[in-house]
Asks: 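First the structure, then my questions, so here it is.
Order of the sequence lines sets the chain letters (A, B, ...), proteins ahead of strands, with each chain counted from 1.
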Protein chains: 2
Amino acid sequence: MLAKNNSQVQILPMRTAKKRSSDKKITLVDVADASGVSAITVSRVINQPEKVSESLRIQVQKAIDSLGYIPNQHASSLASSKSRVIGVAIPSLSNIVFTEVLRGIYEVMGAAGYKVLLVDTHYSPLEEEKMVRTLLSQSPEGLIITGGDQTKACQNFLHKARIPIVQIMELLADPIDMNVGFAHGRAGFDVVKHLLGQGYERIGFIGARMDPRVQQRMQGYKLALEQVGKFEKNYIVTTPEPSSIGVGGELFKSLMASTNGVVDAVFCVNDDLALGALFEAQRMNIRVPQDMAICGFNDIEAAEYVNPSLTSVSVGRYEMGVKASEMIIRVLNEKPIESKKVDMGYEIKKRASTSRL
Amino acid sequence: MLAKNNSQVQILPMRTAKKRSSDKKITLVDVADASGVSAITVSRVINQPEKVSESLRIQVQKAIDSLGYIPNQHASSLASSKSRVIGVAIPSLSNIVFTEVLRGIYEVMGAAGYKVLLVDTHYSPLEEEKMVRTLLSQSPEGLIITGGDQTKACQNFLHKARIPIVQIMELLADPIDMNVGFAHGRAGFDVVKHLLGQGYERIGFIGARMDPRVQQRMQGYKLALEQVGKFEKNYIVTTPEPSSIGVGGELFKSLMASTNGVVDAVFCVNDDLALGALFEAQRMNIRVPQDMAICGFNDIEAAEYVNPSLTSVSVGRYEMGVKASEMIIRVLNEKPIESKKVDMGYEIKKRASTSRL
DNA sequence: CATGCTGATGATAGCGCAATCATTACGCTT
DNA sequence: AAGCGTAATGATTGCGCTATCATCAGCATG
C-alpha cells in the first residue's frame with residue numbers, strides 16, 4: 001500500500017471518492033489507486049503478469065477482484081493496435097455447413113484467446129462488401145471469408161488490410177491470401193461416375209440456392225454425363241430459393257413430372273434436398289435404390305441413419321474451420337505454414353440409397 | 001517522407017507524403033487533410049451527415065472513397081462510449097436450436113446497425129462467466145444470454161453492467177433484467193398428456209446432454225405420469241453426452257433392452273434423438289405408431305417430412321431471437337416495452353408418429 | 001443598426017489504455 | 001570500490017476518435 005512519489009502529502013482522497021459512486025465505470029487507474037501502484041503496473045498484472053513481482057501481483061489482483069474491474073478492450077486495442085479479434089464472414093447462419101465450419105473456428109480461436117466477430121452476408125457480394133467494412137473497422141487481426149466472389153471494392157479493402165486472410169469452402173485460382181477448401185466440380189464429377197458405375201443411366205440433378213460452389217458441382221455433374229453422352233438438359237431442376245427438405249421434395253416431384261419419370265437417379269446438391277427427395281420418393285412409392293438412386297452432398301448425420309441410408313459426399317467442414325484458424329494463428333505468430341492453399345479433399349460415402357448392385 | 005510541422009512553411013506536404021506510403025493506416029485526419037476540412041467535420045459526415053452542408057459532404061465523401069478510409073471503431077467507441085456491439089452467449093454452436101435463435105438476432109440487430117459478438121459457453125457456467133467477461137470488455141450496449149444458470153460472480157458483473165440484458169430460452173423466476181422463453185416443464189407435461197390421450201400407456205423418456213431446460217421437460221414428463229400413477233423410473237434413459245441422431249438410436253435400443261420392450265411410447269427431448277429412435281425402430285421392425293409412439297421436441301424441418309411424420313413440440317426459435325433483440329433495441333432507444341418477461345409459448349404438432357387412433 | 005438567432009464549421013480536450021523510455025535498487029564482476 | 005547489468009516499477013505520451021464548447025457568417029426582427 002501507500003507509495004508516494006511527489007514531494008508533499010497528497011495521500012489518497014481520490015480513491016474513496018471513486019469507490020463511493022458504485023455506478024462509475026471502474027478503470028485501470030481506479031485499480032491502481034486502490035492498490036497503491038501505478039496504472040502501468042496494473043496493466044502489466046493483466047497482460048504480462050510475469051513482469052510483476054509476486055507480492056504486487058497478488059495485491060493488485062485483489063483490488064481487481066474486489067472492484068470487479070473489467071478492462072476496456074477498446075482502449076486497449078487503440079493503445080496497442082492489437083484487437084484480438086478475428087472477423088468471419090459466412091453467407092448464411094442457418095446452413096448447417098457453415099455452422100460446422102464455425103464450430104471449428106470458435107474452437108481454435110477461442111483456445112488461442114481470440115474473439116470471433118461473425119457476420120452474415122446472405123449470399124450477396126454487395127452485402128459482403130458492407131460486412132467486410134464492418135469487420136475491418138474493428139481492426140481484426142485476421143479474417144476468414146467464404147469463397148472468392150468478392151466485389152472489386154471489397155478486394156481492395158482486403159488487400160489493403162495487410163492481415164492474414166483465409167478464403168474457405170472452395171479452391172480458388174487466385175486467392176487474396178490463403179485458401180482452404182475442396183474441389184466442388186470434381187466432387188460432382190465423381191458422384192456421377194459412382195452412379196454410372198452402379199448402373200444408373202438417366203441421372204437427374206436437383207439444386208437450390210445456386211451459389212458458386214453449387215454451380216461448380218453442377219458443372220462437374222454435367223461434364224461427367226457429357227463424357228458418356230448421357231447429358232440431358234431437362235434432367236436438371238433448380239430453384240434460387242434456399243434449400244430445405246421441403247424444397248427437395250418439391251423439386252423431386254417436379255423432376256419426375258417434367259421427365260415423365262424416366263430418371264433413375266438424382267444427384268442433389270445437398271443433403272437437405274436429398275432427404276426431401278428420398279421422403280418424397282417413399283411417399284410416391286418409388287423404391288430407393290431399386291428404381292431410383294439418390295445421392296446427397298455434405299454427409300450430415302441423418303444421411304447415415306435414415307432408411308435407406310443416404311449416399312453423400314463427406315467434406316471436413318469442422319476440419320476446414322480448424323485448418324483456416326490454425327493457418328491464421330501461425331501467421332500471426334510468425335510461424336511458417338506449409339502452403340497458402342490447402343485442399344481438404346472429400347469422400348463419397350457410398351450407402352444404400354445408390355447401391356443397386 | 002518530408003513532413004514538417006515547426007514554424008515555417010509546412011503547407012500540405014504531409015498529405016502527399018501519406019498517400020505515397022500506401023501502407024500506413026488512413027485516419028480521419030488524413031481524410032480531413034485530403035479534403036481540406038477539419039477532422040471533426042469528417043467525423044460528422046460519417047456519423048451525422050445531416051449536420052454538414054451538401055457541398056462539403058460530397059467533397060469529404062469523395063476523399064473517403066478515394067483513400068479507402070475505414071473508421072477505427074475502437075477509437076470511436078472509446079471516445080463516444082458507444083460500441084454498437086451486442087453480446088450474445090449461447091451454450092452450443094452446433095445445436096440447431098441456437099442457430100435459429102441466432103438467425104433472428106442477426107436479422108434484427110444487423111438491420112438496426114449493431115454488430116453481434118457471439119460466444120459459445122459449452123453448457124458450462126464457469127466458461128460462461130469467462131465469456132461474459134470477454135463480452136463486457138467490449139462494452140456491449142446490450143446482452144443476450146441463455147438461461148439462468150449463471151455463477152454468482154457472473155450475475156454480479158451482469159448487474160453492474162447497467163445495460164439491457166435478455167435471458168432467453170426458458171422462463172425464469174428471477175431474471176437479471178428481461179426474459180424471453182417458454183415453459184419447458186409444461187411442454188413436457190403436455191406431451192405426455194397427448195400420448196396418454198392417444199392410448200399409449202407405458203411412456204419412456206430419452207434425454208441427452210441434460211441441461212436445465214431438458215431437465216425441466218423431464219420433470220414435466222414425470223409429473224404427468226405420476227398424476228396418473230404410470231411413472232416408472234426405469235423408463236427413463238439419459239446420457240450426458242451431446243445429443244445426436246446416433247445417440248438417439250443407441251438410447252432407444254437401450255431403453256428397449258432395459259424394459260424388455262414393454263414401453264409403447266417414447267418422449268425424446270429433442271428431434272435428433274427422436275429421429276434416431278424412429279430410424280432405429282424401423283430397423284428393429286417396430287411399427288411406428290402402431291406399436292410405438294415417438295415424440296420429439298423443437299419441430300425441426302425433418303419432423304414434418306420423415307415417414308411417418310414425427311410429432312414434435314414447435315417453439316418459435318427464430319421469433320425468440322427476434323423478440324429478444326427487439327426488446328433490447330427498444331430499451332436502447334428508450335421506448336417502452338410491454339413487459340420484461342415474455343412467454344413465447346409452444347405448440348404440440350401432432351403427427352403420424354403418435355397417432356394410433 | 002443593434003440584437004438575437006440559426007446553421008455550419010472548427011479548436012481543444014480527453015476517453016482508457018499500453019509503448020516507450022526513465023528510474024531505482026540490488027546484485028555481480030573485475 | 002567503481003562499474004555494469006538486471007529486474008521491478010513508474011512517468012509521459014499518444015493511439016484515433018468524438019463531446020463540448022467556441023466561432024462565425026448570414027439573416028430576420030423591431
Side-chain angles (χ1 to χ4, degrees), chain A residues 1-7 10 14 18 24-60 63-64 67-85 136-139 141, chain B residues 3 5 14 18 24-60 63-64 67-85 136-139 141:
Chain A
M1 290 285 141
L2 21 121
K4 271 36 283 45
N5 32 320
N6 291 3
S7 13
Q10 75 104 251
M14 310 196 60
K18 287 274 169 62
K24 255 197 125 293
K25 237 169 232 160
I26 313 282
T27 73
L28 205 92
V29 173
D30 297 325
V31 177
D33 283 1
S35 50
V37 302
S38 72
I40 190 67
T41 298
V42 178
S43 170
R44 288 205 187 95
V45 168
I46 294 169
N47 299 306
Q48 330 175 48
E50 75 282 359
K51 294 215 167 180
V52 179
S53 68
E54 188 178 344
S55 60
L56 259 198
R57 197 171 40 204
I58 292 173
Q59 179 180 333
V60 169
I64 289 178
L67 292 176
Y69 169 65
I70 293 187
N72 180 325
Q73 191 56 48
H74 297 299
S76 169
S77 299
L78 184 58
S80 69
S81 47
K82 267 180 221 143
S83 64
R84 301 252 99 193
V85 164
L136 288 177
S137 76
Q138 303 291 322
S139 336
E141 297 183 33
Chain B
N5 38 319
M14 310 199 61
K18 287 275 169 63
K24 253 198 124 295
K25 236 168 233 159
I26 313 282
T27 72
L28 214 115
V29 173
D30 297 325
V31 177
D33 281 2
S35 51
V37 302
S38 72
I40 188 69
T41 298
V42 179
S43 169
R44 287 202 188 98
V45 168
I46 295 168
N47 299 305
Q48 330 174 46
E50 74 284 358
K51 294 213 167 179
V52 179
S53 69
E54 189 177 341
S55 60
L56 259 198
R57 197 170 42 207
I58 292 173
Q59 181 180 331
V60 170
I64 290 179
L67 292 178
Y69 170 64
I70 294 188
N72 180 326
Q73 191 56 50
H74 297 299
S76 169
S77 299
L78 184 57
S80 69
S81 47
K82 267 182 223 143
S83 64
R84 301 250 101 192
V85 164
L136 289 177
S137 75
Q138 304 288 325
S139 335
E141 297 184 34

Asks: May I have the distance from A/Asp33 (atom CG) to D/dG10 (atom C1'), rounded to whole angstrom?
Replies: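 Nearest whole value for this atom pair: 14 Å.
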Asks: May I have the distance from A/Lys82 (atom NZ) to C/dA19 (atom P), rounded to whole angstrom?
Replies: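 So the NZ-P distance, A/Lys82 to C/dA19, works out to 5 Å.
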Asks: Between B/Glu50 (CD) and C/dT9 (P), how many Å, whole number?
Replies: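 Going from B/Glu50 (CD) to C/dT9 (P), I get 13 Å.
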Asks: Tell me: CD of B/Glu54 to P of C/dT9, nearest whole Å?
Replies: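 Checked: the CD to P distance equals 12 Å.
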Asks: Verify the contact: side-chain N or O of B/Ser76 to OP1 or OP2 of D/dC17, cut-off strictly under 4.0 Å; return yes or no.
Replies: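 No, no such contact exists.
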Asks: Return the nearest nucleotide to the side chain of B/Arg44; candidates are C/dA19, D/dC21, D/dG16.
Replies: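 Of all the options, the side chain of B/Arg44 is nearest to D/dC21.
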Asks: Would you indicate which nucleotide in C/dA18, D/dT9, C/dG14 comes nearest to any side-chain atom of A/Val52?
Replies: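 Of the options given, the side chain of A/Val52 lies nearest D/dT9.
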Asks: With a 3.5 Å distance limit and no angle check, can you tell me whether A/His74 reaches the backbone of B/Gln138 through a side-chain donor-acceptor pair?
Replies: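 Checked: pair present.
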Asks: Could you tell me whether a side-chain N or O of B/Glu141 sits under 3.5 Å from a main-chain N or O of B/Ser83, the two making a donor and an acceptor?
Replies: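 Checked: pair present.
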Asks: Given C/dG10, C/dA18, D/dG10, identify the nucleotide with an atom nearest to the side chain of A/Thr41.
Replies: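 Shortest atom-to-atom distance from the side chain points to D/dG10.
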Asks: Check for a donor-acceptor pair, side chain of B/Gln73 on one end and backbone N or O of A/Ser139 on the other, with a separation under 3.5 Å.
Replies: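 No; judged by distance alone, with no hydrogens or angles, the pair does not exist.
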Asks: Expressed in angstrom and rounded to an integer, what is the separation of B/Leu28 atom CG from C/dA11 atom C1'?
Replies: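 Nearest whole value for this atom pair: 15 Å.
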Asks: Quick one: on DNA chain C, does B/Ser55 or B/Ala79 contact a more 5' nucleotide (nearest heavy atom)?
Replies: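 Its nearest nucleotide being more 5', the pick is B/Ser55.
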Asks: Roughly, in whole Å, what's the span from CD1 in A/Ile40 to C1' in C/dT23?
Replies: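 Value for this atom pair: 15 Å.
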Asks: Nearest whole Å is fine: how far is C/dA18 P from B/His74 NE2?
Replies: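 Value for this atom pair: 13 Å.
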Asks: Any donor-acceptor pair under 3.5 Å linking the side chain of B/Ser80 with the backbone of B/Ser76?
Replies: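 Yes, the answer is positive, given that a donor and an acceptor are paired below the 3.5 Å cut-off.
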Asks: Side-chain N or O of A/Ser38 versus OP1/OP2 of D/dT9: is the shortest distance under 4.0 Å?
Replies: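 Checking D/dT9 against A/Ser38, no side-chain N or O comes under 4.0 Å of OP1 or OP2.
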Asks: Counting only heavy atoms from other residues, nucleotides and ligands, does the tally under 6.0 Å from CD of A/Gln48 exceed 12?
Replies: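 Count over threshold, so yes.
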Asks: Looking only at the side chain of A/Ser53 (C-beta and beyond, no hydrogens), which of the listed nucleotides D/dG16, D/dT9, C/dA19 gets closest?
Replies: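 Nucleotide nearest to A/Ser53's side chain: D/dT9.
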Asks: Looking at every strand, decide which applies to A/Leu78 at a 4.0 Å heavy-atom threshold: base, sugar-phosphate, or nothing.
Replies: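 Base contact.
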Asks: Does a side-chain N or O from B/Asn47 land closer than 4.0 Å to OP1 or OP2 of D/dT18, or not?
Replies: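 Answer is yes, contact under 4.0 Å.
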Asks: Between atom CD in B/Gln138 and atom P in C/dC17, what is the gap in whole Å?
Replies: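 Rounded to whole Å, this separation is 13 Å.
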Asks: Tell me whether the OP1 or OP2 atom of D/dC17 has a side-chain N or O from B/Tyr69 closer than 4.0 Å.
Replies: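 Yes, B/Tyr69 has a side-chain N/O under 4.0 Å of OP1/OP2 on D/dC17.
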